[in-house]
Number of protein chains: 4
Amino acid sequence: MDAALELFAERGFNATTVPTIALNAEVGAGTIYRYFEHKEALVNAVFQRCVESFSHHLQENYPSDSGIREQFRHLFFKVVGFARDHVYAFSFLESQSNAPYLDSKSIDIFQEMMDFFYQFLEEGKKVNVIRSVPTEALFAIVYGAYVEIAKLLRKKILSESDQLMNSLEACCWDAVRV
Amino acid sequence: MDAALELFAERGFNATTVPTIALNAEVGAGTIYRYFEHKEALVNAVFQRCVESFSHHLQENYPSDSGIREQFRHLFFKVVGFARDHVYAFSFLESQSNAPYLDSKSIDIFQEMMDFFYQFLEEGKKVNVIRSVPTEALFAIVYGAYVEIAKLLRKKILSESDQLMNSLEACCWDAVRV
Amino acid sequence: MDAALELFAERGFNATTVPTIALNAEVGAGTIYRYFEHKEALVNAVFQRCVESFSHHLQENYPSDSGIREQFRHLFFKVVGFARDHVYAFSFLESQSNAPYLDSKSIDIFQEMMDFFYQFLEEGKKVNVIRSVPTEALFAIVYGAYVEIAKLLRKKILSESDQLMNSLEACCWDAVRV
Amino acid sequence: MDAALELFAERGFNATTVPTIALNAEVGAGTIYRYFEHKEALVNAVFQRCVESFSHHLQENYPSDSGIREQFRHLFFKVVGFARDHVYAFSFLESQSNAPYLDSKSIDIFQEMMDFFYQFLEEGKKVNVIRSVPTEALFAIVYGAYVEIAKLLRKKILSESDQLMNSLEACCWDAVRV
DNA sequence: CATGAATGAGCATTCATTCAT
DNA sequence: TATGAATGAATGCTCATTCAT
């Protein structure tokens with residue numbers, strides 16, 4: 001699954017061949033089929049593992065008792081940290097989350113993860129700290145920003161200094177706060 | 001090229017076969033090879049045409065003499081308008097702009113288009129209207145936001161009312177303004 | 001189709017590979033798929049052509065106005081002649097007519113051909129020239145005999161002299177006549 | 001071997017996989033290779049066991065001292081009985097006796113069994129009870145008939161009543177008797 | 001002796017590309 | 001210039017066979 005993730009993240013699903021995955025995993029091509037019925041089953045398993053890993057990461061040490069501002073900051077740094085520490089997983093999730101080969105379980109689990117963000121944003125709107133704009137739109141703005149920032153960090157166009165990260169977090173917060 | 005754009009945008013490069021493009025274009029498969037050396041040459045030509053179209057669209061009626069705030073608003077609505085009116089072109093650009101089959105000319109021309117945004121952001125920083133944060137990062141934030149908003153509009157999860165668009169523009173502006 | 005028939009007749013469906021058919025037909029492997037959706041579609045097309053050819057052969061110069069005895073003789077020699085002149089077609093039909101890959105059209109067309117024999121046998125029973133035994137059983141006896149005789153002729157264990165053929169025809173007739 | 005016979009009879013040699021046989025036999029796939037060098041060695045062993053079983057069955061209670069007519073009747077009912085009681089064995093023998101994977105021992109042993117029939121027919125010809133037609137041809141006629149009758153019984157198109165069986169035996173006898 | 005995970009050659013099938021018409 | 005039939009390399013996948021346990 002690690003070998004597959006790496007290739008799927010770098011080239012996408014269609015451009016990744018099963019023999020290449022096998023080579024990268026240092027197993028025979030047939031071995032893959034002992035564990036996954038299809039190439040599609042494999043990509044779904046990889047996707048689900050990524051989503052779960054991301055989801056756990058986000059909720060780890062989540063400051064449930066702090067205010068919205070603090071929680072936003074937590075999520076921002078968790079996303080950035082995940083993108084930094086799990087480069088392939090993050091770039092795979094970001095690029096393939098609309099792919100036609102994802103099965104319903106993959107879609108559900110991904111939606112569930114996003115619901116965590118949605119709930120956060122809705123809570124913020126309720127207490128009048130976050131703007132009264134459709135939640136999907138708010139999420140789109142910050143998620144889009146995260147994704148592009150992560151790309152820049154990955155490509156080393158930006159380097160992850162504390163000061164920069166704090167500025168970027170502030171930018172994102174200013175986009176949604178009242 | 002229109003036939004190809006439609007298919008590339010909907011299915012991606014690898015999942016689009018040359019015979020399918022030919023069928024969609026109502027020409028013989030061989031005819032495509034009279035105009036493009038490869039499938040890759042075709043996709044690059046399509047990409048470049050999209051970038052140019054996007055670029056022209058952005059600069060059309062650009063309020064050079066207005067202030068940064070007004071220019072930002074212009075760009076925001078131009079991007080949203082382009083995404084609405086050129087659904088395939090925008091979704092193709094957004095999804096394929098990191099693809100491994102893009103040649104250097106495609107990458108250059110895309111970069112050139114982004115430079116227009118970069119210059120705008122740098123001008124804004126100079127006059128102290130836009131935050132003093134690396135330009136790439138500022139761009140990432142607003143571009144990421146645009147892309148995700150465009151996805152929501154395309155999928156009809158949001159509908160493009162004046163009020164909503166104004167709010168979203170404000171969100172994006174607040175992310176970068178001083 | 002000729003190339004495929006030859007191989008299917010000699011080795012059966014599963015033991016015949018598409019590349020081998022292509023080689024035998026002196027075409028590229030992909031070419032086969034321009035004309036037949038599947039290997040199964042090909043084998044069905046071949047089967048149906050064989051059935052039709054056999055069926056036409058049987059009915060050619062059929063002595064409709066003669067008596068049962070004469071008609072039996074006609075059928076016997078037509079079957080033997082077909083088996084001699086269309087070695088592959090006959091051996092393919094004989095060995096594959098119960099195969100699980102045959103589609104409903106193949107099964108129908110084969111049944112239709114057998115109905116010709118069945119009608120003949122039933123007419124014979126009606127006029128009390130052929131024994132009053134279930135038609136399927138009568139058919140089984142003579143068809144089984146034909147098939148095995150054809151095998152011997154094909155393998156050159158017997159040679160097709162007039163005298164021998166007349167004797168064999170008599171044997172078969174004696175098996176079913178009153 | 002029982003597990004293999006069942007599968008070979010139902011699906012043929014090529015369509016039966018070794019793991020499936022192992023599953024059906026409730027052993028590990030590797031275990032099969034402790035007893036048979038190849039899949040081919042297995043199918044030959046199965047074939048030979050079937051031939052021997054058939055052969056013993058035919059000769060059991062063989063009325064050596066009775067006349068040809070009585071012996072013919074014995075053989076007919078033994079064949080029918082074997083086909084009824086050893087469905088898989090008979091259908092395997094019938095369908096695979098020309099298969100290209102049979103080794104020389106299989107072919108010899110099968111020929112030996114047929115020689116029993118041949119001797120019987122030759123004896124009958126000597127005493128002028130059976131027609132003076134090449135033995136192979138006589139055998140082909142009755143063997144072909146048996147095979148097709150057995151198919152009908154197996155498929156329950158005919159049911160094995162005493163009266164019917166006696167009629168069919170008479171048909172077969174009339175095909176070869178003087 | 002029994003196992004079953006691992007293997008990789010070989011299969012059916014697809015599709016970018018060519019080239020005779 | 002346009003065509004589309006033909007191609008064969010490359011793909012996803014299967015399965016007979018091996019071998020460490």
Side-chain angles (χ1 to χ4, degrees), chain A residues 4 7 11-23 25-43 101, chain B residues 4 7-8 11 13-23 25-43 101, chain C residues 4 7 11-23 25-43 101, chain D residues 4 7-8 11 13-23 25-43 101:
Chain A
L7 292 162
R11 319 177 176 187
F13 177 69
N14 280 302
T16 303
T17 73
V18 174
T20 308
I21 296 169
L23 209 70
E26 293 178 68
V27 294
T31 304
I32 290 173
Y33 290 88
R34 291 194 61 75
Y35 299 95
F36 304 98
E37 207 185 338
H38 297 125
K39 195 186 170 193
E40 282 206 8
L42 169 59
V43 82
Y101 47 73
Chain B
L7 292 163
F8 287 145
R11 319 177 177 187
F13 177 68
N14 281 297
T16 303
T17 72
V18 174
T20 309
I21 297 169
L23 207 70
E26 294 177 67
V27 294
T31 305
I32 289 172
Y33 288 86
R34 294 197 62 74
Y35 297 94
F36 304 97
E37 204 185 342
H38 298 127
K39 195 186 173 193
E40 282 206 7
L42 168 59
V43 81
Y101 46 74
Chain C
L7 291 163
R11 320 177 176 189
F13 177 69
N14 281 301
T16 302
T17 72
V18 173
T20 309
I21 296 169
L23 210 68
E26 293 177 71
V27 294
T31 305
I32 289 172
Y33 289 88
R34 291 194 61 75
Y35 298 94
F36 304 97
E37 205 185 341
H38 298 127
K39 197 186 169 191
E40 282 207 8
L42 169 59
V43 82
Y101 47 73
Chain D
L7 291 163
F8 287 144
R11 319 178 176 186
F13 177 69
N14 281 297
T16 303
T17 73
V18 174
T20 308
I21 296 168
L23 207 71
E26 294 178 65
V27 294
T31 305
I32 288 173
Y33 287 86
R34 294 196 61 74
Y35 297 94
F36 304 98
E37 205 186 338
H38 298 127
K39 194 186 174 193
E40 282 205 8
L42 169 59
V43 81
Y101 46 74

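Quick note on labels: first sequence line is chain A, next is B, and so on, each numbered from 1. Bear in mind that the values here come from a model prediction, so they are computed numbers and not experimental data. For the numbers below, each heavy atom of this structure counts, side chains included, while hydrogens, waters and symmetry mates do not.
Across all their heavy atoms, D:Ala4 and D:Leu42 have their closest contact at CB-CD2, 4.0 Å. The shortest heavy-atom contact between A:Lys39 and A:Asn14 is NZ-O, 4.1 Å. Between C:Ile21 and C:Leu7 the shortest heavy-atom distance is CA-CD1, 3.6 Å.
Helical stems in DNA chain F, defined as runs of 3 or more consecutive Watson-Crick or G-U wobble pairs with both donor-acceptor distances under 3.5 Å, are listed by first residue as E:2-21 with F:2-21.
Looking at residues two or more places apart in sequence or on another chain, you find a ring pair (Phe, Tyr, Trp, His ring centres under 6.0 Å) between B:Phe8 and B:Phe13.
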How does protein reach along nucleotides 6-13 of chain E, written 5' to 3' as B (base within reach of a heavy atom under 4.0 Å), S (only sugar-phosphate), or - (no contact)? BBB--SSB
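If you take OG1 on A:Thr17 and CZ on A:Arg11, they are separated by 7.5 Å, rounding to the nearest 0.5 Å.
Following rounding to the nearest Å, C:Leu23 (CG) and F:dT7 (P) show an atom-to-atom distance of 12 Å. Straight-line distance from the CZ atom of A:Phe36 to the P atom of E:dA5: 14 Å, rounded to whole Å.
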